[in-house]
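In what follows, a single structure is set out as structure tokens and then discussed.
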Amino acid sequence: MRSTTSSASAAEGPAAPGGEAAGAEPGSFEHILGPERGAAYRRFIEWSVGGGFMLAVVEIRRPAQREALAAATGAAVPGFCVARLVSVGARPVHTLLEEACPSSAGTSVLMLTHLEESGDVARICAEFNVHRDELARRFALPWVLVVHPAAALALQRDAPDFCDFAGLWLPEEPEGGRELLREQALRSSAPSVGSTIRLPPEVTAPKDLLSLADEAATLGQVDRAADLLAQYDMKHPDARTHDARRVHMDGVLLRIRSRFAEALARFHAALKLCEETGDRHMKGVLLDAIAQTHILQGDLVAARPLVREALELFEQLGDQKNRAASLHQLSVVEERMGNDANARELGVESLMLSEELGDQAGRAMSLHHLAVIEERMGHYAKASELAHESLMISDRLGDRNGRFASLHQLAVLAIHQRDYAKARELLSESLKLAEEMGNARYRSVVLHELASLALLEGKQAEARQLWLESIKLSEELGAKDGQAVSLVMLGMLEADQGQLEHGLALVREGVGILEELGAAVLVEAKGLLHRLESLSVADAPR
């Protein structure tokens with residue numbers, strides 16, 4: 001049976017960060033592992049050398065700490081050798097051990113490291129389990145297996161018989177940070193949705209087929225919108241090349257289907273028609289439409305001046321309904337860039353204007369976005385109240401876009417409140433709605449949140465798969481902000497599971513994209529990157 005150690009007693013004093021004991025001699029086992037774990041490890045080394053096969057398992061999260069332990073062990077006992085399991089490849093484990101330790105007669109201690117980075121943890125563990133007696137006979141000396149806590153769990157699951165050999169098992173230090181990275185990474189949440197994806201309300205009352213199609217698209221009724229456009233085209237066969245409003249609707253449907261590059265091409269074609277005819281109102285609508293597409297792609301720098309130009313046009317024209325929509329759009333940009341106070345002010349102004357106009361769709365849109373802002377600022381009760389009110393209006397209007405946005409926001413709030421069952425229920429409903437609407441951007445956002453939820457529930461494999469799917473989908477759509485945030489989160493997961501270098505590469509890639517976009521979560525993402533870099537093997541003593 002394996003033995004374990006408990007945390008240091010109050011009399012011994014707390015361990016310093018990283019498990020190092022305050023006051024312990026630098027480079028000593030106690031300095032590296034903490035007083036109690038270090039003393040237990042020292043006893044194992046002193047008592048086991050020369051006694052044949054014995055096994056100690058030491059759980060260590062930080063690569064620098066692992067390398068320091070190897071260096072200290074090598075300094076303490078002559079004839080020490082290390083086998084890095086990361087280099088085993090497809091070979092049997094005993095082949096690697098023979099290379100590292102050709103003769104047990106000249107070796108005092110065999111340390112095995114990097115199991116978590118091997119890329120084939122399950123196979124190696126199974127080999128330990130099946131060939132445990134043969135390995136113990138062939139390498140009859142003390143073994144020290146240094147593993148990341150995630151690999152230790154795999155070892156217990158896939159090599160239970162081998163684990164029974166352990167005469168000493170030192171679990172991760174009490175302050176080892178098993179949950180810290182996971183909790184901190186959640187603050188880099190998925191980009192806000194719904195209000196940033198919703199179409200601005202049409203200025204013309206829905207009387208003709210084109211206006212009815214625009215209204216249907218705004219409410220997420222994509223098939224109905226396409227049918228109405230087909231009817232319109234039968235009566236106006238040249239409209240798709242000569243009518244800016246009709247060309248605009250092509251862009252709207254393409255954007256709903258997350259075909260952003262094609263949508264932008266149609267919007268720009270419609271904008272050219274507007275400039276030829278001098279239609280300033282439609283120009284404003286198209287500037288907003290182009291800006292909204294850039295927002296969906298995470299390009300806030302490109303979106304901001306377009307929204308401001310549209311807002312100025314609508315103010316000059318006295319178009320209050322579209323002015324409210326542009327104020328909302330600008331609020332979204334400001335919130336996504338981290339300017340929460342300014343975003344809230346713009347959002348409140350948009351809400352008040354929508355209420356004065358009796359525009360219920362605009363009101364629901366503003367309420368949802370204000371819920372996003374309140375949630376970002378940590379005001380969860382207020383955010384929940386606003387999101388529920390937005391949901392009620394959207395359901396009354398039959399607005400599927402608004403319903404999706406509110407369901408998603410309520411799921412995010414449930415995650416914050418640790419009501420994971422409710423969050424999963426809301427996200428499942430959101431995903432079903434996204435798939436019914438054929439909106440791939442919505443789907444990528446829900447996949448990201450489901451991955452975050454799975455991680456909190458301890459389902460690492462599920463979280464990894466969902467983030468990979470979200471990253472792939474976001475990359476295909478050109479939704480850079482969604483791709484970047486999922487890269488950061490996946491990188492944090494990989495690092496949490498012992499794949500530090502791979503995790504660092506993913507987080508660096510995500511941070512690079514966020515830096516390019518000027519996103520609000522950049523500061524948090526950089527903080528996570530610095531946290532991982534501080535755990536890097538580069539910190540180990542040379």
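Below, each value reflects all heavy atoms present in this structure, side chains not excepted, and no hydrogens, waters or symmetry copies. Keep in mind that what you see is a predicted model, and the values were worked out from it rather than measured.
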Is Asp227 atom CG crowded by more than 12 heavy atoms from other residues, nucleotides or ligands, each under 6.0 Å away? yes
Using the side-chain hydrogen bond (donor to acceptor under 3.5 Å, both in side chains) rule, pick out the option among His328, Glu349, Gln316 that qualifies with Arg323. Glu349
Ser118 side chain to Val86 main-chain N or O, any donor-acceptor pair under 3.5 Å? no
Indicate whether any N or O donor in one side chain lies under 3.5 Å from an N or O acceptor in the other, for His148 and Arg66. no
Is the backbone of Arg403 close enough, under 3.5 Å, to the side chain of Ser406 for a donor and an acceptor to pair up by distance? no
How far does CG of Leu522 sit from CG of Asp481, to the nearest 0.5 angstrom? 12.5 Å
Using every non-hydrogen atom in the two residues, find where Ala440 and Leu473 come nearest and quote the distance to one decimal. O-CD2, 3.5 Å
Are Arg259 and Glu476 ion-paired here, with the side-chain N under 4.0 Å from a carboxylate O? no
Evaluate the criterion side chain to side chain contact (heavy atoms under 4.5 Å, CB included) for residue pair Asp288 and Val307; output intermediate values, then yes/no. CA-CA 6 Å; Asp288 249 350; Val307 179; 4.1 Å; yes
Lys480 side, atom NZ; Glu516 side, atom CD - distance, nearest 0.5 Å: 4.0 Å
Residues that Arg304 engages under side chain to side chain contact (heavy atoms under 4.5 Å, CB included), provided they are two or more places apart: Arg308, Leu330, Val333, Glu334, Met337, Asn339
Is there a side-chain contact between Tyr442 and His408, using heavy atoms and a 4.5 Å cut-off? no
How many angstroms lie between atom CG of Leu410 and atom CD1 of Ile415, to the nearest 0.5 angstrom? 11.5 Å
Give the intermediate values and the outcome of side chain to side chain contact (heavy atoms under 4.5 Å, CB included) for residues Arg441 and Phe260. CA-CA 10 Å; Arg441 180 66 176 111; Phe260 299 134; 4.1 Å; yes
Please report the shortest heavy-atom distance between Ala225 and Ala213, naming the atom on each side. CB-O, 3.5 Å
Keeping Asp359 on the side-chain end and Gly362 on the backbone end, is there a donor-acceptor pair under 3.5 Å? yes
Main-chain N/O of Gly220 paired with Arg400 side-chain donor or acceptor, under 3.5 Å: yes
Distance-only, no hydrogens or angles: does the Ser331 side chain make a donor-acceptor pair with backbone N or O of Leu327 under 3.5 Å? no
With side chains defined as the heavy atoms from C-beta onward, is the minimum distance between Leu209 and His236 less than 4.5 Å? no
Around atom CE of Met377, are there more than 12 heavy atoms of other residues, nucleotides or ligands at under 6.0 Å? yes
Quick one: do Asp250 and Arg240 make a salt bridge, cutoff under 4.0 Å? yes
Asn401/Leu219 under side chain to side chain contact (heavy atoms under 4.5 Å, CB included): CA gap, chis, key distance, verdict: CA-CA 6 Å; Asn401 279 310; Leu219 299 177; 5.8 Å; no
Find out whether Glu462 and Glu457 are in side-chain contact, i.e. whether some heavy atom of one side chain is under 4.5 Å from a heavy atom of the other. no
Specify the closest pair of heavy atoms between Asp238 and Thr241, including all atoms of both residues, with the distance to one decimal. O-OG1, 3.0 Å
Please tell me whether Ser211 and Asp208 have a donor and an acceptor in their side chains that are separated by less than 3.5 angstrom. yes
From CG (Leu264) to CZ (Phe267), nearest 0.5 Å: 7.5 Å
Flag, side chain of Ser350 to backbone of Ala324, donor-acceptor distance under 3.5 Å: yes
If we only count heavy atoms from C-beta on, is the Glu375 to Lys382 side-chain gap below 4.5 Å? no
Between the main-chain N or O of Ala414 and the side-chain N or O of Asp419, is there a donor-acceptor pair closer than 3.5 Å? no
Atom of Tyr380, atom of His416 and distance for their closest heavy-atom approach: OH-ND1, 3.3 Å
Does His242 have more than 12 heavy atoms from other residues, nucleotides or ligands lying within 6.0 Å of its NE2? no
Counting only N and O atoms by type, is there a donor-acceptor contact under 3.5 Å from the side chain of Glu429 to the main-chain atoms of Leu407? no
Step-by-step side-chain hydrogen bond (donor to acceptor under 3.5 Å, both in side chains) determination, Ser354 to Ser366: CA-CA 8 Å; Ser354 293; Ser366 293; 4.6 Å; no
As an exercise, state the distance from CD of Gln329 to NE2 of His369, rounded to the nearest 0.5 Å. 9.5 Å
Taking all atoms of both residues into account, what is the closest heavy-atom pair of Trp467 and Ser452, and its distance? CZ2-OG, 3.5 Å
Ignoring hydrogens and geometry, is there a side-chain-to-backbone donor-acceptor pair from His248 to Ala244 under 3.5 Å? no
Side chain Arg255, main chain Ala289, donor-acceptor under 3.5 Å: yes
Nearest heavy-atom approach of Ala303 to Ile295 is CB-CG1, 3.7 Å
Pair Ile60, Val147 - check side chain to side chain contact (heavy atoms under 4.5 Å, CB included), show working. CA-CA 6 Å; Ile60 289 181; Val147 292; over 6 Å; no
Taking the side chain as C-beta and beyond, is there a heavy-atom pair between Arg464 and Glu494 under 4.5 Å? yes
Non-hydrogen side-chain atoms of Val446 and Arg443 separated by less than 4.5 Å: no
Rounded to the nearest 0.5 Å, how far apart are OH of Tyr420 and CG of Leu456? 4.0 Å
Sole residue of Ser486, Ser474, Ser470 in side-chain hydrogen bond (donor to acceptor under 3.5 Å, both in side chains) with His448: Ser486
Tell me, do Arg363 and Gln360 make a side-chain contact under 4.5 Å, heavy atoms counted? yes
Decide yes or no for Arg344 and Asp340: does some side-chain heavy atom of the first lie under 4.5 Å from some side-chain heavy atom of the second? no
With a 4.0 Å cut-off, would you call Arg245 and Asp279 a salt bridge? no
